[in-house]
Amino acid sequence: MKTIVIGGGIVGLCTAWALRKQGVDVTVIEAGRVPCATAASSDHHRLTRPFYGAAHGYAARMPAAFDAFETLFEDLPAPRGRYYVETGMVVTSRERGDYADLSRQSLDRIGEPYTLLETEAEIAQRLPMLEPEGITYAMLARGGALMADTILRDLAFLLRSTGVPVVELSPVTRLDTAEGIVHLASGDSLRADRVILCAGTGLSALLPGLNIPLTPRRTLIVYADPPADLADAWAQAPGWIDLGGPTDYWGLPPVAGLPLKLGNGLMGRDDPDDSDRQITRDEMIALRESYRGLFRDIDGFRLRWGQANYWMKAPEHRFILRREGRVLAASADSGHGFKFGALSGIDIAEAVVSDDVDGVAARMAGGDDGGDLVGR
Ligand SMILES: Cc1cc2nc3c(=O)[nH]c(=O)nc-3n(C[C@H](O)[C@H](O)[C@H](O)COP(=O)(O)OP(=O)(O)OC[C@H]3O[C@@H](n4cnc5c(N)ncnc54)[C@H](O)[C@@H]3O)c2cc1C
């Protein structure tokens with residue numbers, strides 16, 4: 001079988017990796033470079049963690065998602081530590097039934113280990129960078145930083161060295177879904193038995209008839225140095241995903257020589273144009289300010305740089321896999337897809353080889369228990 005993967009983000013590259021491992025003939029076509037600066041996958045790092053709030057179906061898939069990356073790391077050329085920095089991850093609970101409470105239920109169900117810090121003294125000792133007020137407990141589990149751009153770069157290298165062409169600077173302009181023909185901006189066209197569309201926010205333009213509402217969502221990130229007197233505490237800090245109450249905070253402590261990274265999903269917005277990629281100084285300050293009362297000495301954080309990037313939002317933030325003729329369209333994103341990248345690649349390759357698209361699609365959507373989640 002001859003296949004073409006459109007898109008050299010984490011999902012497209014991992015799909016090509018998994019197809020190649022099954023002996024399938026595969027070519028990757030990417031509009032930009034790998035990594036492409038405008039891809040959702042592109043940054044120094046992305047978070048991984050087993051916490052998933054109400055989305056128990058996704059939490060249940062996290063052990064497999066961690067394992068899939070370990071399998072990928074064994075194939076990549078550098079030692080594992082270049083691709084993954086384990087920091088541990090924390091969530092804090094402030095009220096019953098909040099994100100931390102729901103995540104705890106998931107971890108209990110799947111037998112994923114965690115540690116609870118339930119007294120102010122325990123929290124102050126392990127997490128001295130947090131303002132402890134209002135926290136009923138903190139929960140620590142595995143997780144950390146997937147070094148995104150390094151993974152993408154080395155994965156493209158791996159693919160090429162195993163005979164998979166990764167064709168850069170080749171935007172696809174049109175698809176013939178019935179015939180499996182891919183038309184390129186250069187005027188050339190390619191034909192395949194299966195075309196796997198992993199084009200991120202570029203998906204809708206190539207499959208305008210797809211009857212699923214997908215919306216690019218603008219998301220802000222700020223890199224900052226922590227206050228000097230808390231630098232040692234931050235060097236030992238876990239990443240965080242949700243700090244309790246009606247919030248959508250996430251981020252990583254300083255790792256691999258980088259400053260720490262602050263995110264806040266509530267500061268994102270839907271934006272069908274997918275083009276407002278300049279973060280303003282005011283946005284960076286507002287993002288830092290949104291952490292006041294959560295992290296100690298917010299005024300001591302020195303802003304370094306920021307980013308405005310886009311991910312593709314699907315209904316209920318579930319992953320989508322859909323067949324249209326010879327095209328298999330994948331949106332395994334909704335703002336939480338990097339940590340699933342290797343597993344999504346394995347899943348999509350299985351759908352290609354077995355032809356069981358519906359079965360794999362149901363699994364990727366988190367099953368009946370996928371739950372809705374804020375995009376994190
Ligand atoms: C700011 C931000 C923070 C995030 N944080 C996390 C996190 O901490 N943890 C996590 O798990 N997830 C996170 N995510 C989500 C995660 O990054 C995405 O879910 C994931 O990277 C999606 O990968 P993808 O391969 O589907 O899409 P993309 O990475 O967008 O890749 C799509 C590729 O297709 C190419 N393409 C598009 N159109 C065409 C065309 N016409 N022809 C050829 N090529 C084309 C693009 O250039 C691009 O390289 C975050 C996303 C953002 C934006």
Side-chain angles (χ1 to χ4, degrees), residues 4-16 28-49 51-52 58 62 65 69 89 143-146 148-149 151-152 155-156 166-175 182-186 195-207 214 216-222 239-241 248 250-252 261-265 267-268 274 277 279 287 306-314 317 319-321 329-345 348 373 375-376:
I4 293 172
V5 171
I6 301 174
I10 192 65
V11 177
L13 294 181
C14 286
T15 299
V28 178
I29 309 285
E30 164 57 45
R33 294 275 186 204
V34 178
C36 178
T38 54
S41 304
S42 177
D43 193 8
H44 296 287
H45 43 37
R46 292 276 180 252
L47 288 70
T48 184
R49 35 73 192 187
F51 306 124
Y52 250 98
Y58 282 100
M62 274 313 299
F69 264 114
M89 295 292 294
L146 289 160
D149 280 350
I151 293 173
L152 297 173
L155 184 45
V166 178
V167 184
E168 296 175 296
L169 302 175
S170 295
V172 174
T173 50
R174 194 164 57 81
L175 290 176
V182 174
H183 296 274
L184 303 176
S186 62
V195 176
I196 303 114
L197 183 54
C198 305
T201 56
L203 189 147
S204 307
L206 291 174
L207 265 193
L214 294 170
R217 188 163 174 87
R218 184 174 184 263
T219 301
L220 306 178
I221 279 174
V222 162
W240 63 97
I241 170 79
D248 186 8
W250 41 267
L252 285 165
K261 175 156 101 172
L262 304 170
N264 180 349
M267 296 182 69
D274 176 10
R277 291 178 172 274
I279 186 169
L287 208 166
Q307 234 186 52
N309 199 349
Y310 286 81
W311 46 267
M312 191 67 141
K313 189 174 81 176
H317 299 91
F319 296 166
I320 308 261
L321 186 66
S331 182
D333 182 351
S334 279
H336 63 111
F338 200 97
K339 72 184 77 58
F340 281 100
L343 185 60
S344 294
I348 296 166
L373 48 139
R376 47 194 166 179

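In this text the structure is predicted, and so the values were computed from the model without any measurement. Atoms within each ligand, like the ligands themselves, are counted from 1 in listed order.
- Any N or O atom pair closer than 3.5 Å counts here, and L206 shares no such pair with ligand 1.
- Shown here for L13 and V28, the closest heavy-atom pair between the two residues is CD2-CG1, 4.2 Å.
- Of the polar atoms of S334, none of the N or O atoms is found under 3.5 Å from an N or O of ligand 1, judged by distance alone.
- Every N/O-N/O distance between W311 and ligand 1 stays at or above 3.5 Å.
- For ligand 1, the polar-atom distance check finds no N/O of P171 at less than 3.5 Å from any of the ligand's N/O atoms.
- Residue nearest to atom 32 (C) of ligand 1, selected from S170, G7, C198: C198 (by heavy-atom distance).
- Of the candidates L220, D333, V11, the one placing a heavy atom closest to atom 25 (O) of ligand 1 is V11.
- Each of the atoms 7 (C), 8 (O), 9 (N), 10 (C), 11 (O) of ligand 1 lies under 4.0 Å from some heavy atom of L47.
- Among the candidates I4, V5, I6, V182, the single residue satisfying the side chain to side chain contact (heavy atoms under 4.5 Å, CB included) test with L197 is I6.
- Note: no N/O pair closer than 3.5 Å links T38 and ligand 1 by distance alone.
- One distance of note links CD of E30 with CG of L152; it measures 9.5 Å at 0.5 Å rounding.
- Across L207 and A329, no two heavy atoms sit closer than the pair CD1-CB, 3.6 Å.
- For the atom pair NE2 of H45 and CG of D149, the computed distance is 10.5 Å after rounding to the nearest 0.5 Å.
- Heavy-atom proximity to atom 42 (N) of ligand 1, evaluated over T219, L203, V172, is greatest for V172.
- Shown in contact with G200 at under 4.0 Å from a heavy atom are these atoms of ligand 1, numbered in order with element: 27 (O), 30 (O), 32 (C).
- For a threshold of 3.5 Å applied to N or O pairs, the pair formed by G32 and ligand 1 contains no separation below that value.
- In this structure, NZ on K261 lies 4.0 Å from CG on D43, to the nearest 0.5 angstrom.
- With sequence neighbours excluded, the residues that form a ring pair (Phe, Tyr, Trp, His ring centres under 6.0 Å) with F69 are F73.
- One distance of note links CH2 of W250 with CG of L262; it measures 9.5 Å at 0.5 Å rounding.
- An N or O contact shorter than 3.5 Å is missing between N309 and ligand 1 by distance.
- Heavy atoms of Y310 found under 4.0 angstrom from ligand 1 belong exclusively to the backbone.
- Ring centroids of H336 and Y52 are separated by less than 6.0 Å, placing the two rings close together.
- By the 3.5 Å distance cut-off applied to N or O atoms, A40 is counted among the residues near ligand 1.
- Near G9, meaning under 4.0 Å from any of its heavy atoms, are these atoms of ligand 1: 25 (O), 29 (O), 31 (O), 33 (C), 49 (O).
- Remark: among candidates R46, E30, M312, H336, the nearest residue to atom 5 (N) of ligand 1 is R46, based on non-hydrogen atoms.
- No side-chain heavy atom of M267 sits under 4.5 Å from any side-chain heavy atom of D248.
- Close approach of ligand 1 to K339 is summarised as follows: ligand atoms under 4.0 Å from at least one heavy atom of the residue are 9 (N), 10 (C), 11 (O).
- Side-chain contact of N309 with T219: a donor-acceptor pair under 3.5 Å is absent, judged by distance alone.
- Taking NE2 of H183 as the reference point, atom CG of L206 lies at 11.5 Å (rounded to 0.5 Å).
- Inclusion of I6 in the set of residues having an N or O under 3.5 Å from an N or O of ligand 1 is not warranted.
- At a 3.5 angstrom cut-off on N or O pairs, W250 does not count as close to ligand 1.
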